[in-house]
Amino acid sequence: MSKTKWNVAVVGATGAVGEQILNLLEKRDFPIDKLKLLSSARSAGTVVTFKGQEVVVEEARPESFEGIDIALFSAGGDVSKELAPHAVRHGAVCIDNTNAFRMDENTPLVVPEVNAEKIWEHKGIIANPNCSTIQMVAALKPLYDKFGISRVIVSTYQAVSGAGARAIDELKRQTRDILENNETNPDILPVGSLPVKHQIAFNAIPQIDKFQDNGYTLEEMKMVRETKKILGDDSVEVTATCVRIPVVYGHSESVYVELKQDYDLGEVKQLLEEAPGITVIDDPAQQAYPLAADAAGKNDVFVGRIRRDLTNSRALNLWIVSDNLLKGAAWNAVQIAEQFVAKS
């Protein structure tokens with residue numbers, strides 16, 4: 001007999017993504033029996049209201065997961081590496097929103113619109129992909145299925161919220177300082193743990209995460225590796241340039257796609273319009289195209305500027321936008337949880 005109610009833990013409940021997860025669980029009336037909210041010692045004791053009830057946030061410990069069925073992690077990779085195995089040992093299925101397990105060969109990396117079937121191959125942990133990867137592969141999937149894809153070149157324009165609440169505060173502070181002709185001192189971006197910091201207000205920073213030995217940043221390599229894993233095709237060539245821009249919510253991407261077959265542009269648009277979780281906004285005559293400001297607060301991935309490449313008859317260009325905290329993180333995780341309970 002299948003369960004009708006589930007004991008759920010949210011790790012990182014007071015963070016930006018954790019808050020979005022809780023909003024979605026409440027809004028979508030997820031079948032929760034018992035809800036446990038977990039965080040660092042610093043945030044323990046915080047009171048959160050969920051469905052009209054006050055829930056006290058507890059410090060996340062190995063023993064916190066006793067009796068938990070589903071644990072949603074969004075508290076950083078180190079926390080997931082430490083605590084997710086304990087959650088699994090207690091019998092929980094973990095949906096992890098960090099980079100800790102994404103490339104582990106025993107951990108499915110899931111975007112429900114792309115490879116939901118992988119959910120049931122889990123061995124206790126299901127990984128949520130990187131935010132910028134999620135929105136791109138969601139749009140690429142219908143094209144991959146119909147035409148095949150040989151190559152992808154992506155440039156991202158990513159919101160500061162992807163670097164956390166302190167980065168949002170830094171953008172606002174720097175903007176105010178500059179407009180008031182005051183000196184401003186960068187403190188967070190591009191990477192908090194590195195010694196050199198750059199201004200983000202009125203600027204674009206071509207670095208997200210740390211540089212790797214090959215000259216690409218970790219964010220860029222996440223897109224390369226994760227795209228191949230999610231599509232299940234190592235032959236797809238991917239290269240990425242990831243840029244942080246002074247936008248609070250919503251990642252934008254310019255994506256060049258080489259297909260393996262010739263295509264009809266009208267068919268491409270129809271495939272995208274019919275794809276789950278995709279909204280097409282593509283009317284140049286009306287200057288209609290996806291904007292980060294419009295995507296903020298929405299669950300879908302938005303696609304526009306759909307056009308043929310001028311030099312390659314099998315290639316096209318897309319503009320892809322999505323809320324990085326929703327489809328790029330919280331919504332994708334809750335979708336996984338919903339599909340898991342629906343068939344369990």
Side-chain angles (χ1 to χ4, degrees), residues 6-28 30 32-90 92-102 125-128 130-131 159-173 187-189 191-194 209 248-249 296-297 323-326 328-334 336-337:
W6 302 76
N7 295 335
V8 176
V10 178
V11 186
T14 59
V17 174
E19 289 176 355
Q20 293 286 0
I21 287 173
L22 288 172
N23 288 338
L24 287 164
L25 292 174
E26 180 170 352
K27 184 184 299 183
R28 297 185 62 78
F30 193 86
I32 295 174
D33 185 11
K34 176 184 176 183
L35 177 65
K36 182 176 283 192
L37 305 184
L38 302 169
S39 71
S40 65
R42 184 180 67 253
S43 298
T46 303
V47 177
V48 174
T49 301
F50 182 83
K51 289 191 172 183
Q53 302 294 316
E54 292 187 343
V55 183
V56 178
V57 178
E58 304 172 28
E59 182 180 356
R61 301 176 181 273
E63 61 270 20
S64 300
F65 302 94
E66 186 172 352
I68 294 297
D69 302 309
I70 299 170
L72 296 137
F73 279 78
S74 61
D78 290 342
V79 173
S80 292
K81 287 178 182 177
E82 178 188 356
L83 294 180
H86 291 288
V88 173
R89 180 169 54 82
H90 282 293
V93 172
C94 300
I95 301 171
D96 183 45
N97 195 50
T98 77
N99 193 43
F101 303 100
R102 288 173 184 159
I125 300 173
I126 303 165
N128 221 35
N130 187 42
C131 48
V160 295
S161 54
R166 291 179 65 203
I168 298 175
D169 292 340
E170 177 163 88
L171 170 60
K172 293 178 179 178
R173 173 179 55 79
D187 186 48
I188 302 297
L189 296 170
V191 181
S193 62
L194 293 180
D209 219 312
V248 177
Y249 301 111
D323 187 317
N324 52 297
L325 297 187
L326 285 173
W331 172 229
N332 199 78
V334 171
I336 293 171

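Quick caveat, the model's predicted, so the values are computed rather than measured.
Here Thr14 contributes atom OG1 and Leu38 contributes atom CG; the two are 10.5 Å apart, rounded to the nearest 0.5 Å. A distance of 8.0 Å separates CG of Asp209 from OG of Ser193, quoted to the nearest 0.5 Å. Here the NZ-OG1 distance, from Lys81 to Thr98, works out to 8.0 Å after rounding to the nearest 0.5 Å. Rounded to the nearest 0.5 angstrom, Leu37 CG and Glu58 CD are separated by 8.0 Å. To the nearest 0.5 angstrom, Trp331 atom CH2 is 9.5 Å from Lys27 atom NZ.
Around atom CD of Glu66, no more than 12 heavy atoms belonging to other residues, nucleotides or ligands sit under 6.0 Å away. Few gaps surround CD on Glu63; more than 12 heavy atoms of other groups in view lie less than 6.0 Å from it. In the displayed structure, Arg166 atom CZ is contacted under 6.0 Å by at most 12 heavy atoms of other residues, nucleotides or ligands.
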With side-chain contact (heavy atoms from CB on, under 4.5 Å) as the test, would you mind laying out the steps for Leu22 and Leu35 before giving the verdict?
CA-CA 10 Å; Leu22 288 172; Leu35 177 65; 4.2 Å; yes
Give the C-alpha distance, both sets of side-chain angles, the deciding distance and a yes or no for side-chain contact (heavy atoms from CB on, under 4.5 Å) between Leu25 and Phe50.
CA-CA 9 Å; Leu25 292 174; Phe50 182 83; 4.0 Å; yes
Determine whether Phe65 and Val88 satisfy the following criterion, side-chain contact (heavy atoms from CB on, under 4.5 Å), listing intermediate values before the conclusion.
CA-CA 8 Å; Phe65 302 94; Val88 173; over 6 Å; no
Before giving the answer on side-chain contact (heavy atoms from CB on, under 4.5 Å), spell out for His90 and Ile68 the whole-Å C-alpha distance, their side-chain angles and the decisive distance to 0.1 Å.
CA-CA 7 Å; His90 282 293; Ile68 294 297; over 6 Å; no
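Here the closest heavy-atom approach between residue Pro62 and residue Leu83 is recorded as N-CD2, 3.7 Å. Pairing each heavy atom of Thr49 with each of Glu26, the nearest pair is O-OE1, 4.3 Å. Taking all atoms of both residues into account, the shortest heavy-atom contact from His86 to Arg89 is ND1-NH2, 2.9 Å. The two residues Ala44 and Ser39 make their nearest non-hydrogen contact at N-OG, 3.4 Å. Residues Phe101 and Ala84 come closest through the heavy atom pair CE1-CB, 3.9 Å. The two atoms that bring Arg102 and Asn130 nearest to each other are CZ-N, 3.4 Å, heavy atoms only.
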Identify all side-chain donor-acceptor contacts of residues 69-76 below 3.5 Å with residues at least two apart in sequence or on another chain.
residue: Asp69; atom: OD2; partner: Asn7; partner atom: N; Å: 2.7
residue: Ser74; atom: OG; partner: Val11; partner atom: O; Å: 3.3

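Here the options are Ile188, Asp169, Leu189, the test is side-chain contact (heavy atoms from CB on, under 4.5 Å), and the partner is Val160; only Leu189 passes.
Judged by distance alone, the side chain of Asn97 and the main-chain N or O of Asn128 form no donor-acceptor pair under 3.5 Å. With hydrogens and angles ignored, the 3.5 Å screen pairs a side-chain donor or acceptor of Ser64 with a backbone N or O of Arg61.
Applying the salt bridge (charged side-chain N to carboxylate O under 4.0 Å, His left out) rule to pairs touching residues 35-52 yields Asp29-Lys51, sequence neighbours excluded.
Phe30 places none of its side-chain heavy atoms less than 4.5 Å from the side chain of Leu24.
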